[in-house]
Student: 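I'd like to ask some things about the structure below.
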Number of protein chains: 2
Amino acid sequence: MNTKPNSSYHHGNLKEELIIESLKMVESGGIASITLREITNRLGTSRTALYRHFTSKEELLQEVIQAGFEKLDTHIFSTLDSDLDLNLKLHDLGRAYIDFAMKNPNLYRMIFGHELKEQREESCDINEREDAPGFHKLVDIITDAQNANILKKDDAFMQATVMWSMLHGLSNLLIDGHVHIVDNIDALFELSFQTLISGIAVELSE
Amino acid sequence: MNTKPNSSYHHGNLKEELIIESLKMVESGGIASITLREITNRLGTSRTALYRHFTSKEELLQEVIQAGFEKLDTHIFSTLDSDLDLNLKLHDLGRAYIDFAMKNPNLYRMIFGHELKEQREESCDINEREDAPGFHKLVDIITDAQNANILKKDDAFMQATVMWSMLHGLSNLLIDGHVHIVDNIDALFELSFQTLISGIAVELSE
DNA sequence: ATTATATGTTAACATTGTTAACTTTAAATA
DNA sequence: TATTTAAAGTTAACAATGTTAACATATAAT
């Protein structure tokens with residue numbers, strides 16, 4: 001895995017390491033802490049070596065964002081027990097989403113941030129968007145839940161958006177320090193999730 | 001309202017105009033478009049005149065953010081019909097919130113952004129936070145709704161947070177282009193709001 | 001009328017991303 | 001194997017940005 005060859009001039013796989021190092025720097029110091037000087041110093045190359053692999057700092061950060069989305073996707077779905085009740089599945093998925101945001105606040109801000117988003121608006125087709133795969137998995141689960149008569153047979157895309165909206169809002173409020181009940185995150189998530197479910201679940205005949 | 005005096009050397013009320021001009025610039029070009037060069041050029045002063053009124057660009061932007069919060073607060077609550085049914089009141093309030101975000105996306109991003117937030121974390125008391133007054137009005141309305149037996153008698157602070165969370169998440173998804181159903185914003189908001197209400201309202205005995 | 005203070009200007013600096021011209025290693029080809 | 005070519009890295013310089021220090025001017029105070 002260690003990639004630094006013995007020879008000095010050529011680095012080996014500088015491109016990958018630039019992305020990896022950027023990911024580390026985002027997490028520890030936020031996106032603003034990524035400067036070309038600092039990152040190339042850490043990797044022991046000159047500042048401009050970067051331009052042999054990326055046309056600009058912009059382009060590097062775009063790839064970092066893509067890696068960040070993949071990390072989020074992995075975190076949410078890889079630990080998801082596929083044998084679970086669909087209701088619990090949605091619950092754990094939501095909880096994993098919040099966990100990711102709270103464990104990687106700077107990365108979460110970066111991948112959903114707007115600063116670097118203007119330049120990649122060309123691929124407006126939702127199927128080509130980097131945040132789309134995870135969303136589509138959510139739509140699938142919701143569709144399954146509809147078919148299992150757990151959720152109302154409504155527009156699954158809309159229901160997924162409402163759920164994502166709740167998760168995204170809660171994540172942002174938490175990591176940006178707008179909610180000061182850090183002791184009680186569990187309770188806040190449970191209330192949010194139960195509120196969501198009450199709205200989109202089939203009415204219980206109790 | 002025009003404040004430029006005839007005399008040349010002293011500007012008159014440069015401080016206020018710096019804030020006003022900054023607000024304009026945020027809206028038209030985002031926070032990154034605010035440069036000291038551009039803003040002082042527009043006001044016809046030298047670049048460093050700013051430092052007689054603010055210790056740094058940072059401090060100017062903090063005051064812009066404060067003005068932004070006041071603008072948001074005004075937009076949401078000033079048009080609110082106080083005679084309305086509490087349920088409708090919450091509905092209109094939520095809708096006004098989304099409207100503000102969509103009409104002033106760059107300003108919305110700025111006031112809730114994290115970049116400038118680290119420096120003002122000293123006032124962690126929620127009562128002194130600039131985004132707190134609006135939130136407390138929301139808590140009050142929710143408390144009223146609880147007393148009117150419209151909402152469940154639960155923790156009003158938590159309920160308000162869940163509602164804010166939904167509004168904030170939806171706002172961000174919309175203005176950052178993550179949701180591509182711009183035709184259908186009305187339907188998306190209604191579904192979100194009904195979902196929220198289903199979760200925190202008292203069960204109807206229908 | 002003189003002094004003091006607030007406000008504004010000019011010149012210079014450090015930090016950032018970026019480009020141009022040059023160098024060195026690895027790969028390709030004869 | 002020897003030579004050429006392309007990939008990858010370096011150095012030096014630049015433009016844009018926020019900031020500071022030293023100086024200038026207008027208003028307020030005495």
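Since we're looking at a predicted model, the values are computed, not measured. Proteins get letters first, then strands, A, B, ... in listed order; numbering begins at 1 in each.
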Student: Take atom CG of B:Asn41 and atom P of C:dT9, then tell me their distance rounded to the nearest Å.
Tutor: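 Those two atoms, CG and P, are 11 Å apart.
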
Student: Ring-plane angle category for A:Phe100 and A:His75, please: parallel below 30°, perpendicular beyond 60°, tilted otherwise.
Tutor: tilted

Student: Around atom CD of B:Glu16, are there more than 12 heavy atoms from other residues, nucleotides or ligands closer than 6.0 Å?
Tutor: no

Student: Would you mind reading off the distance between B:Glu115 atom CD and D:dG18 atom P, rounded to a whole angstrom?
Tutor: 14 Å

Student: Atom CG of B:Leu61 to atom P of D:dT17: distance rounded to whole Å?
Tutor: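 In whole Å, D:dT17 P and B:Leu61 CG are 15 Å from each other.
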
Student: Taking A:Gln194 for its side chain and B:Gly199 for its backbone only, find out whether a donor-acceptor pair lies under 3.5 Å.
Tutor: no

Student: In whole angstrom, what separates A:Arg37's CZ from C:dA14's P?
Tutor: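 Spelled out: CZ on A:Arg37 to P on C:dA14 is 13 Å.
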
Student: Rounded to whole angstroms, how far apart are NZ on B:Lys15 and C1' on C:dA6?
Tutor: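 Result: 14 Å.
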
Student: Heavy-atom nearest nucleotide on DNA chain D for B:Arg47 versus A:Leu14: which residue maps closer to 5'?
Tutor: A:Leu14

Student: Let me know the distance between CD of B:Glu38 and C1' of D:dA15, rounded to the nearest Å.
Tutor: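 B:Glu38 atom CD is separated from D:dA15 atom C1' by 16 Å.
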
Student: Would you tell me whether B:Glu190 and B:His91 have side-chain atoms, one donor and one acceptor, within less than 3.5 Å of each other?
Tutor: yes

Student: Looking at B:Lys89 and B:Asp144, is any side-chain nitrogen of the basic one under 4.0 Å from a carboxylate oxygen of the acidic one?
Tutor: no

Student: Distance check needed: C:dT16 P versus A:Ile31 CD1, whole Å only.
Tutor: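 Interatomic distance, CD1 of A:Ile31 to P of C:dT16: 15 Å.
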
Student: Go through residues 48-57 of chain A and report each residue with a non-hydrogen atom lying under 4.0 Å from DNA chain C, sorted by number.
Tutor: A:Thr48, A:Tyr51, A:Arg52, A:Ser56, A:Lys57

Student: Specify the separation, in whole Å, of atom CG of B:Leu36 and atom P of D:dT20.
Tutor: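 Distance, rounded to whole Å: 11 Å.
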
Student: Just checking B:Ser46: base, sugar-phosphate only, or nothing, at a heavy-atom cut-off of under 4.0 Å?
Tutor: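 Answer is base: heavy atoms of B:Ser46 come under 4.0 Å of a base.
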
Student: Ring centroid separation for B:Phe69 and B:Phe112, is it under 6.0 angstrom?
Tutor: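 Yes, ring centres under 6.0 Å apart.
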
